[in-house]
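The next block holds one structure in the form of structure tokens; read it before the comments.
As the structure is a prediction and not an experimental result, all values here were calculated from the model. In what follows, every chain begins at residue 1, and chains take the letters A, B, ... in the order their sequences are listed.
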Amino acid sequence: MPDWVIILGVTLGYLLASLLVGLASGGEASKTTEGYVAGDRSLGFVILYFIMGASIFSAFAFLGGPGWAYSRGAAAFYILAYGTVGLVPWYFFGPRIARLGRRRGYVTQAELFADRFQSAGLSGLLAVVSLVGFIPYLMLQMTGAGYVFSVVTGGRMPVWAGALLAYGVVLIYVFRSGVMGVGWTNTFQGIFMMALAWGLGLYLPHRLYGGVGPMFDAIAKAAPKMLQAPGLGADGHPWSWGAYSSAVAISVLGFGVWPHTFMKIYTARSERTLKRTIVWYPTFQMFLVPILFIGFSGVLAFPGVHPADKILPTVVTSIGLPPVVVGLFCAGALAASMSTGDALLHAAASVTIKDLWRPLFRPDLAGDRERRLIQGLVILIGALAYTLAIFAHMSLVALLLLSYGFIAQFFPLLCATFLWPRATRAGAVAGLLAGFVVTVIWNFVPVLQWQGIRAGIWGVAANVIVMVVVSLATPPMDETHVAAFVVS
Amino acid sequence: MDARPRFMPSGLTRHQRRVYGAVTIFFIVVFFALMWPVYALFSGIRPIVLGMPFSLVYLVVILAASFLVLLGVFTWEGRAEGGPDEGDGRAADGPGAQDGVGRR
């Protein structure tokens with residue numbers, strides 16, 4: 001039997017297992033919007049831990065992480081750095097958010113902000129920005145899944161068919177099981193990814209160099225700049241500290257406010273469960289270390305791989321591993337793509353209905369009809385992202401960088417919601433708009449990109465200044481209403 | 001209305017304020033330690049520790065330290081409350097917690 005058939009068989013076996021796990025979890029939540037979107041606020045530590053870990057670690061981490069380490073060396077360390085403190089604000093804000101969600105019925109991020117600032121328009125604005133961030137992110141995951149199948153079959157299965165197969169499975173379990181499907185499949189996929197990352201990350205340096213130490217010794221002698229932070233830029237020249245530091249800073253600010261991860265706060269069974277998840281999250285983050293080892297293992301052994309993101313499949317398929325192991329690797333890469341893609345798909349549909357459609361056009365929408373609309377939108381958004389991923393030729397990286405800058409603008413809003421009673425609706429909206437405008441301008445005008453500092457950083461600065469000035473210039477909001485949110 | 005930002009609930013004891021204050025300062029220091037100019041001081045290859053360049057070891061140590069500090073706070077909160085770990089919102093103290101809610 002040809003190797004590619006065995007590899008494909010293992011990969012399809014993984015897909016089938018994901019589907020079964022996803023479908024089996026469908027009966028665990030009630031048939032309400034709260035059940036479909038927030039799992040009836042009943043998720044325990046293990047599922048929440050894997051939801052957080054696996055939905056954050058996407059195809060970018062699994063394929064892009066080694067790609068960065070391979071082509072840009074220590075620049076890839078920024079991915080490890082920002083996750084160190086990115087979730088820490090949740091430890092302090094999370095319990096309050098979960099409690100407010102339980103009392104006031106929130107299941108999305110924008111519901112919280114819209115309630116604090118008494119603005120349906122703000123809810124719509126946040127929903128649109130979230131979708132602008134979600135779609136390219138989802139497209140990347142779909143393309144990644146398609147590539148896996150294409151590589152597995154030696155090009156016999158085109159990218160479009162691979163993406164269709166993997167995301168057909170995702171659509172089925174997200175449609176039927178909602179967040180419970182996302183949770184249980186992420187647990188399965190997360191364990192799979194971690195085992196594979198540690199296994200490969202330690203095995204490859206050993207196989208190619210005799211160990212992790214000899215591998216770094218060899219790189220230090222042949223290409224020392226690769227290991228010296230901040231590593232190399234995309235052009236192969238040393239990266240600037242401004243670009244590295246601002247990449248870390250903007251990612252820290254944006255990390256905890258991505259709406260698809262933020263809304264998982266509402267799914268926690270208790271505040272203690274939520275805090276425990278945040279405490280243990282760095283153990284998931286640590287799995288980036290072997291992921292980076294995989295990329296470094298290719299630096300001297302497999303020079304000239306282009307694009308760099310293909311270094312992981314290249315190494316795995318070039319060192320004579322048994323086809324079953326190669327199949328497991330492919331399944332791991334699929335797991336990384338699907339575990340993020342399912343959370344994005346579920347969140348995009350929920351946000352569109354809960355934050356955009358209902359507050360602005362159908363305030364009376366509720367109950368079963370609302371849940372069915374969200375389910376319908378899962379299919380629609382899945383189809384839209386798939387069509388764009390396969391047929392539209394746009395720069396996803398540029399879109400993603402821009403959306404990161406946008407999403408980070410939610411962080412000042414989060415702080416103002418809980419820490420500053422004087423923040424007003426006008427201040428919040430004006431600050432957000434200023435942040436978006438500055439981010440766009442700084443992103444597209446090269447002369448403004450001083451020291452390579454990310455556009456989003458300037459956006460956050462503008463956001464904070466405008467929010468403070470406009471809030472102080474407008475009448476304060478009702479004290480009793482604000483007291484329900486602000487630390488006191 | 002008072003325009004000053006509020007960082008901690010007024011009902012915390014002095015000891016709790018000190019602990020949460022120290023933890024907040026720790027994480028602010030960590031945030032800046034991940035970037036220039038602090039990280040630039042530790043960005044070299046040597047000394048190699050556990051086979052890894054120091055630029056990577058430094059970040060792994062910070063990640064481990066952050067984990068241990070947060071784990072310490074979590075354990076301390078659990079002991080202070082003396083309650084079951086998986087309660088229904090009773091472990092609600094700390095910066096960001098609602099005044100008095102969930103405390104025993």
- line: Cut-off 4.5 Å, heavy atoms of chain B, and the answer for A:L227 is both

field: Nearest-0.5 Å distance, CD1 of residue B:I45 to CE of residue A:M226
entry: 11.0 Å

message: If I take atom CZ from residue B:F67 and atom CE from residue A:M286, how far apart are they, to the nearest 0.5 angstrom?
response: 8.5 Å

field: Heavy-atom contact with chain B under 4.5 Å, split by part of A:A249
entry: both

statement: Applying a strict 4.5 Å limit to non-hydrogen atoms, the region of A:P224 in contact with chain B is both

field: Contact class of A:T283 relative to chain B, heavy atoms under 4.5 angstrom
entry: side chain

- request: Dump the intermediate steps for side-chain contact (heavy atoms from CB on, under 4.5 Å) on A:K275 and B:L70, then the final yes or no.
  value: CA-CA 9 Å; A:K275 283 188 168 185; B:L70 217 48; over 6 Å; no

task: Measure across B:E77 and A:Y91 and return the closest heavy-atom pair with its distance rounded to 0.1 Å.
output: OE1-OH, 2.8 Å

Review item, side-chain donor-acceptor pairs of residues 287-297 of chain A, under 3.5 Å, at least two apart:
unit_1, atom_1, unit_2, atom_2, d
A:S297, OG, A:I294, O, 2.6

query: So which part of B:V69 gets closer than 4.5 Å to some heavy atom of chain A, the side chain, the backbone, both or neither?
result: neither

- request: Tell me whether the guanidinium CZ or amine NZ of A:R272 lies under 6.0 angstrom from the six-membered ring centre of B:F74 and within 45° of its axis.
  value: yes

- request: Check the surroundings of atom NE2 in A:H481: do more than 12 heavy atoms from other residues, nucleotides or ligands lie under 6.0 Å from it?
  value: yes

- prompt: Which one of B:A33, B:G51, B:S66 has the most heavy-atom pairs closer than 4.5 Å to chain A?
  reply: B:G51

query: Is chain A contacted by the side chain of B:I48, its backbone, both, or neither, given a heavy-atom distance below 4.5 Å?
result: side chain

- request: Could you grab the distance from atom CZ of A:F418 to atom CZ of B:R6, nearest 0.5 Å is fine?
  value: 14.5 Å

query: Between atom CZ of B:R4 and atom CG of A:L419, what is the distance when rounded to the nearest 0.5 Å?
result: 14.0 Å

message: Holding to side-chain contact (heavy atoms from CB on, under 4.5 Å), I want the full list of residues that pass it with B:R18, two or more places apart in sequence or in another chain.
response: B:R14

- request: Pick whichever of B:V73, B:V23, B:L68 has the most heavy-atom pairs under 4.5 Å with chain A.
  value: B:V73

message: Is it the case that atom CG in B:L50 sees more than 12 heavy atoms from other parts of the structure closer than 6.0 Å?
response: no

field: Heavy-atom proximity to chain B below 4.5 Å, by part of A:Y244
entry: side chain

statement: All heavy atoms of B:R46 vs all of A:A220, minimum pair found to be NH2-CB, 4.1 Å

- request: Please indicate whether B:W36 has more than 12 foreign heavy atoms, meaning atoms of other residues, nucleotides or ligands, lying under 6.0 Å from its CH2.
  value: no

field: Which atoms of B:A40 approach chain A - backbone, side chain, both or neither, heavy atom under 4.5 Å
entry: both

task: List the steps, then state whether side-chain contact (heavy atoms from CB on, under 4.5 Å) holds for B:L56 with A:F77.
output: CA-CA 7 Å; B:L56 177 58; A:F77 296 167; 3.7 Å; yes

query: Would you say A:T84's side chain and B:L63's backbone share a donor-acceptor pair under 3.5 angstrom?
result: no

query: Looking only at heavy atoms, what is the nearest atom pair of B:G44 and A:Q228, with distance?
result: CA-NE2, 3.8 Å

field: Contact origin within B:Y39 toward chain A - heavy atom pairs under 4.5 Å
entry: both

statement: Between the CZ atom in A:R276 and the OG1 atom in B:T75, the distance rounded to the nearest 0.5 Å is 9.0 Å

message: So for A:M215, is it side chain, backbone, both, or neither that comes closer than 4.5 Å to the heavy atoms of chain B?
response: neither

message: Quick check on the interface: out of A:F216, A:W241, A:W280, A:Y281, who has the most heavy-atom pairs with chain B under 4.5 Å?
response: A:W241

statement: To the nearest 0.5 Å, atom CZ of B:F31 lies from atom CG of A:L253 at 5.5 Å

